[in-house]
Amino acid sequence: MILSIVTVINHKEVFIKRLYKSLSDQKFEDYELKVIDNRSGRYSSLARAYNSVIGNLHGELIMFVHPDIVFLHPDALGNMIESVRMCAEKEKKAAVFGVAGACFGKDHCGVSAIRHGADKRKGDTGSFSKHCCRNVQTVDACCFFVKKQLIRKFRFWDKLNGFHLCVEELCLRVQEYGFQSVVIPADLWHVSDGRSLDSTYYREAVKVVKRHKSAEYLNTTSFHWKINWFLPVKLRFYQIRNIMHHKIVTKIKNTEETVKNAKHKIALCMKKQGQSDALTAVLEKINLVLFHWKERMRKISLGADDPQHVYYLIRPRSQEEGLLSSYYYVLANVRWAVRKGYIPVVDFRSNSCQYHADTKIRGTSNAWEYYFRQPAGIGVNEVSRKKNILLSGWSFSKAKQVQPVIRTLTTVRSAQLKDLCQNVCPVHEYVYAIAEQIFKKSFSNNTVLGVFLRGTDYTALKPKGHYRQPSVEQVIDKMKEFLSLYEVSKIFVVTEDYTIFKKIQSSFSEICVFTSDHDFVTEYQGKDYIFKSMNTDPYIRGLNYLVRIILLTKCDYLISSITNGSLFALNMMEGTYKDDYWFDLGEYE
């Protein structure tokens, strides 16, 4: 028999749906499958689970694989076996064959031949030719091959507890005996994003570091560490911080609050406090350190390419942020990056953006690129091997704080901001084409009054620093005033609040129109952000909203409250409205 496949399952449903189902579709059939059922918690470590079956396997080659691995086509497994065979012939010292790993040295360079996470983002697939392999220091545990004779000789280090680092330790150990670890090409999808690290990761890392002191650096797909006397202390600190975070999370869950809602409530609490409140400032810092540590501004390196430039990767702030609030946040970061001499690249691939979809849209998993163009014409994939990358995020340093681009209506009307919107971060042409088609169908040869008004979470939560919204009665009175002054044949209303729309429609039923794809919120409870009350596809929700905003730019007149959506319409206009009125009622405190 050629191959033995070993997997440890803690959740049977995941195994059946992912690995088992895709294995059954493979053309390569010369294998045995060994499933280690750990649902009862029999094995306290991955090393001991694997070691328990090594002596009973019949394949000459053993594949250790996670249960959430999916083969992307029927030839995937057969191609991997062939790649291992050819790599072994070419690299006589190759002993561990992975599908993802980390290179040697002080510049942390990840190597991945597969797709990762719910969005199926690509790894380093483009740099792999058929059946080639790349030498690495360690491989990832999600999927790797070893020869039966070698693993029976070395085995996994059973002094490691938990389910982390046993494979990385094996790589370090075989290298001390003159063998190599390599990454081979593979058509796989690892459904997990690989970020589920607990305190045991750092605890076991201390053991690995102490056992392999001769290595100058320890590089894994998750971390890059220089091995010195201080590293164990540093790892213990990470372990303690992780434990504290876990205890806080557990306590929150025990009081029937999820971590997500806890963070949200802390944020709302701080928004309602004054900026000079010392307690609020302390709470904010604690909140950032405990719940948003990975979202801080920091430098990383993904390779050695283009060392003379710094690429500024702009990430989403939070899932609560709306589409055009995110847009102006990106715009501020782009302006900041340009002043610093950095190259801005927008990366909205994570679930931190509420418009992120689980599948590719128009060929991309980057939610920013669903609707807008990249400011420097460079996509995220193009920075995957760059040496100098700065991640956007929060910082304790005031010098690194990015200031907003919008302060007043005067700022919005400036030619400089309009140029940034229309030329630096423009809307995709296909969005304009959709808006143009709707306009010709519904408004052609009509004089149109546009009306924009937010309700729901804006008026219920009263977010600090955002403009106050007028009542629907105030808006209706102003609409009647416009109708008495101008000949208007159509009224185009943009609002997410169904109650507001029905009141306006009842007053102007004959000429009041809305688009057929208008997403109204009809059951808002007044306790959270509205996107949690909307069940529509996130991409479609964002697209429909953006199209409606562009339709506002085509109206002849405008009556509007002040929000990022209405201000965006003002920035995107080619000319000006014949007349417009803005409800400037100050900000929520």
Side-chain angles (χ1 to χ4, degrees), residues 1-26 28-71 76-77 80-81 84 95-101 114 138-171 173-174 181 186 188-194 196-198 200-201 203-204 207-208 220-222:
M1 182 174 291
I2 295 177
L3 181 67
S4 295
I5 301 175
V6 180
T7 189
V8 178
I9 66 169
N10 293 306
H11 303 283
K12 186 177 179 179
E13 297 76 13
V14 173
F15 165 68
I16 296 296
K17 183 179 179 181
R18 305 297 186 187
L19 180 62
Y20 185 78
K21 184 178 184 301
S22 63
L23 260 178
S24 64
D25 295 331
Q26 293 303 293
F28 181 87
E29 297 179 344
D30 189 13
Y31 67 84
E32 64 174 350
L33 176 61
K34 182 64 177 179
V35 178
I36 304 173
D37 191 343
N38 198 44
R39 286 177 292 175
S40 63
R42 176 184 178 185
Y43 297 102
S44 60
S45 78
L46 189 63
R48 285 190 280 276
Y50 282 161
N51 284 339
S52 69
V53 300
I54 286 174
N56 301 321
L57 300 177
H58 302 94
E60 292 304 310
L61 187 67
I62 303 173
M63 180 173 77
F64 297 93
V65 60
H66 284 188
D68 63 340
I69 285 286
V70 175
F71 296 93
L77 180 56
M80 290 171 67
I81 301 299
V84 170
V96 184
F97 307 83
V99 297
I114 64 175
T138 61
V139 302
D140 191 84
C142 68
C143 179
F144 64 99
F145 298 81
V146 291
K147 292 181 179 179
K148 180 170 65 176
Q149 303 94 310
L150 183 136
I151 196 60
R152 283 184 175 178
K153 175 183 177 180
F154 285 93
R155 301 178 66 83
F156 295 95
W157 192 31
D158 58 12
K159 289 187 179 180
L160 285 174
N161 296 311
F163 287 77
H164 302 295
L165 294 170
C166 73
V167 182
E168 289 84 347
E169 192 281 328
L170 175 68
C171 292
R173 192 150 35 96
V174 299
S181 300
L188 298 181
W189 171 29
H190 186 206
V191 179
S192 168
D193 59 9
S196 56
L197 302 181
D198 54 27
T200 63
Y201 188 96
R203 183 190 67 202
E204 302 311 303
K207 296 179 183 178
V208 174
T220 72
T221 51
S222 299

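Residues: numbered from 1 along the sequence shown. Values in this document were obtained by computation on a predicted structure and should not be read as measured data.
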### Message
Could you check whether any side-chain N or O of Arg155 sits under 3.5 Å from a backbone N or O of Asn51, counting only pairs where one atom can act as donor and the other as acceptor?
### Response
yes

### Task
Report the C-alpha separation of Ile54 and Val6 in whole Å, then their side-chain angles, then the decisive distance to 0.1 Å, and conclude whether the side chain to side chain contact (heavy atoms under 4.5 Å, CB included) test is met.
CA-CA 9 Å; Ile54 286 174; Val6 180; over 6 Å; no

### Message
Side chains of Val14 and Val191, heavy atoms from C-beta outward: is any pair under 4.5 Å?
### Response
no

### Message
Counting only heavy atoms not in Lys148 (residues, nucleotides, ligands), do more than 12 fall under 6.0 Å from its NZ?
### Response
yes

### Query
Which value, rounded to the nearest 0.5 Å, describes the distance between Asp37 atom CG and Ile9 atom CD1?
4.5 Å

### Query
Do you know the tightest heavy-atom contact between His190 and His66?
NE2-ND1, 3.8 Å

#### Entry: Crowding at OH, Tyr20 (>12 non-hydrogen neighbours, <6.0 Å)
no

### Task
Answer yes or no: is there a side-chain heavy-atom contact under 4.5 Å between Lys153 and Leu150?
no

## Note on the structure
Of all heavy-atom pairs linking Ser22 and Val70, the shortest is OG-CA, 3.7 Å

#### Entry: Heavy atoms of other groups near Lys207 NZ, more than 12 under 6.0 Å
yes

### Rounded distance (nearest 0.5 Å) linking atom SG of Cys166 with atom OH of Tyr50
6.5 Å

### Message
Please find the pair of heavy atoms, one from Glu29 and one from Gln26, that lie closest to each other, and give the distance.
### Response
CG-O, 4.0 Å

### Query
Rounded to the nearest 0.5 Å, how far apart are CG of Leu3 and CG of Leu77?
6.0 Å

### Query
So, the side chain of Lys34 versus the backbone of Val53: is there a donor-acceptor pair under 3.5 Å, distance only?
no

### Query
Taking all atoms of both residues into account, what is the closest heavy-atom pair of Leu165 and Glu204, and its distance?
CD1-C, 4.0 Å

### Query
To the nearest 0.5 Å, what is the distance between OG (Ser181) and CZ (Arg173)?
11.5 Å

#### Entry: Cys143 side chain reached by Met63 side chain, heavy atoms, under 4.5 Å
yes

#### Entry: Result of checking Asp68, Ile114, Leu188 against Cys142 for side-chain contact (heavy atoms from CB on, under 4.5 Å)
Ile114

### Task
Please report the shortest heavy-atom distance between Asn10 and Arg39, naming the atom on each side.
O-CG, 3.3 Å

### Summary
Distance col, row Ile151:CD1 vs Phe145:CZ, nearest 0.5 angstrom, shows 14.0 Å

### Leu19 CG to Ile5 CD1 distance, which is reported to the nearest 0.5 Å
7.0 Å

### Query
So, Ser4 side chain and Ile62 main chain: donor-acceptor pair closer than 3.5 Å or not?
no

### Query
Any side-chain heavy atom of Thr220 sitting closer than 4.5 Å to one from Tyr201?
yes

### Query
Are the side chain of Arg48 and the backbone of Asp158 linked by a donor-acceptor contact shorter than 3.5 Å?
yes

#### Entry: Met80 vs Phe28, side chain to side chain contact (heavy atoms under 4.5 Å, CB included): CA-CA, chis, key distance, verdict
CA-CA 10 Å; Met80 290 171 67; Phe28 181 87; over 6 Å; no

#### Entry: Val139 side chain near Val167 side chain, heavy-atom distance below 4.5 Å
yes

### Task
Could you tell me whether Arg42 atom CZ has more than 12 heavy atoms of other residues or ligands within 6.0 Å of it?
no

### Query
Between the main-chain N or O of Val8 and the side-chain N or O of Asn38, is there a donor-acceptor pair closer than 3.5 Å?
no

### Query
So do Ile81 and Tyr31 actually touch side chain to side chain, heavy atoms under 4.5 Å?
no

### Query
Is the ring centre of Phe156 less than 6.0 Å from the ring centre of Phe64?
yes

#### Entry: Smallest separation among heavy atoms of Glu169 and Leu160, with atom names
CB-CD1, 4.0 Å

